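Please read the structure below before turning to the comments.
These figures come from a predicted structure and were not determined experimentally.
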Amino acid sequence: MDAQIEETIGRIERIQVYVVDTGIPRFSWSPTMPGLLTTNTIARVTTSDGIEGAGGVFSCTEHDFDRAVAEGMRPLLKGLLGRAALRRESIWKWMQMRNLSVPNTAIAGLDIAMWDLAAKRANMPLYMFLGGARDRVKAYASTQVLKGPQDYIGLIEELREQGFAAFKFHYRCEPEADLEMMRRVHRAFGGQGLDFMFDADAYYTHKAALRVAREMSDMDYVWLEAPFPDHDLDGYRELRRRTDMTILPAGNSIVELANIAHAMRHDCWDRVRIDATTAGGLTPARKVLALAEANGYNVEFQSWGCALSMAANLHLMLSNDNCDYFEMPVPYSEFQIDALGRIEVDAQGYVNAPSGAGLGLDLDWEEIEKRSVFQIDVF
């Protein structure tokens with residue numbers, strides 16, 4: 001790069017990492033999972049020209065707040081100081097070379113902060129900086145585990161009043177119980193223009209998944225998610241061969257570009273599913289989007305968490321048009337923490353593009369400091 005241009009690029013001068021108690025009540029999306037604590041790990045990157053970027057990673061743990069993501073960032077921080085912050089590809093590859101000892105989530109938080117910083121430097125919302133394909137995306141309400149079918153019916157009725165028209169259920173992960181809940185929902189709301197999905201959390205056998213998928217198809221459900229662990233590619237391929245139900249993976253463990261390409265070549269999934277915060281950041285997630293589009297696939301992003309950890313996925317969806325839904329955990333008022341920004345659903349069931357530069361969230365750093373249970377500061 002020309003030396004004069006290089007000199008105009010702000011260099012990373014300080015990185016602060018906050019492990020934040022969000023205050024979200026304990027929750028679970030699997031019957032075998034205990035109530036979990038919610039943590040947001042936030043990377044705050046400041047450059048020599050005074051521009052600041054932030055990236056958040058959501059995680060949940062059983063007994064204490066999660067410090068692992070922050071400690072995963074620690075080995076990278078001193079090596080990032082002095083680097084030109086706009087060299088995102090170079091920085092990501094440098095971090096990725098260290099992922100034998102550094103988790104993807106740690107890389108993701110820092111990578112997202114670099115993209116937020118770059119879009120702020122351009123004074124543009126991040127989705128526009130990335131291409132700006134659209135200004136809104138349809139949201140689905142992603143439920144926690146409720147007690148019984150009537151509880152889901154009541155929740156759907158309540159959420160319809162808030163604008164939601166799409167819903168994804170987590171329940172017992174037992175085929176007959178799950179089907180009975182889905183039948184009850186279908187009897188109550190079938191034909192009313194609502195979209196329904198189900199997440200089995202990788203608990204089904206191959207035989208059970210086939211039975212559930214076929215009946216879900218008869219009830220016009222949109223997709224069956226995570227019937228098996230992500231790595232059971234043979235199981236996914238066989239299930240797709242024997243049903244016309246749309247089948248998605250969980251998107252938790254197959255996140256690398258080459259492995260996703262392998263799954264697509266072997267017709268294992270109907271849609272790709274990832275989360276930018278577990279896939280290593282916006283830099284690799286953009287490549288997954290491009291790979292999927294080239295092969296005729298949609299990408300449905302995970303985005304469970306609160307606004308700061310969800311925003312990266314939202315901007316990716318808005319920058320492209322091969323994603324159909326935005327995942328919104330409910331009751332979503334519990335996940336909207338003012339200090340970490342807010343993402344809202346409108347009366348038509350859509351999430352609209354933020355108007356501010358970068359991620360477009362109004363972060364309260366003073367409150368984040370107060371909520372932090374652990375911090376790292378390198379400069």
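In this structure, the ring of F169 has its center no less than 6.0 angstrom from the ring center of F198. Under the 6.0 Å cut-off for aromatic ring centres, F228 and Y204 do not qualify, their centroids lying 6.0 Å or more apart. Here the two rings, on F301 and Y325, have centers that are 6.0 Å apart or farther.
Counted by atom type alone, D232 and H206 present one or more donor-acceptor pairs between their side chains at under 3.5 Å. Residues E344 and N352 have side chains that never bring a donor and an acceptor to within less than 3.5 angstrom of each other. Q16 and Y18 form a side-chain donor-acceptor contact under 3.5 Å, judged by distance and modelled atom types alone. Looking only at atom types and distance, the side chain of T278 has no donor-acceptor partner in the side chain of N104 under 3.5 Å away.
Within a 6.0 Å radius of CD in Q192, more than 12 heavy atoms belonging to other residues, nucleotides or ligands are found. The 12-atom threshold is not exceeded at NZ of K78, counting heavy atoms of other residues, nucleotides or ligands nearer than 6.0 Å. Few gaps surround CG on D218; more than 12 heavy atoms of other groups in view lie less than 6.0 Å from it.
For the atom pair R265 CZ and L233 CG, the distance stands at 11.0 Å (nearest 0.5 Å). Note: L77 CG to I15 CD1 = 5.0 Å, rounded to the nearest 0.5 Å.
Using a 4.0 Å cut-off between a side-chain N of Lys or Arg and a carboxylate O of Asp or Glu, R371 and E367 qualify as a salt bridge.
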Side-chain donor-acceptor distances from residues 288-297 under 3.5 Å, at least two apart:
from	atom 1	to	atom 2	distance (Å)
N295	ND2	L291	O	2.9
Y297	OH	M264	O	3.3

Listed pairs under 3.5 Å, donor-acceptor, residues 133-140 side chains, sequence neighbours left out:
from	atom 1	to	atom 2	distance (Å)
R134	NE	M317	O	3.0
R134	NE	N320	O	2.9
R134	NH1	C323	O	3.1
R134	NH2	M317	O	3.0
R134	NH2	N320	O	3.4
R134	NH2	C323	O	2.7
D135	OD1	Y127	OH	3.0
K138	NZ	D195	OD2	3.0
Y140	OH	K168	NZ	3.3

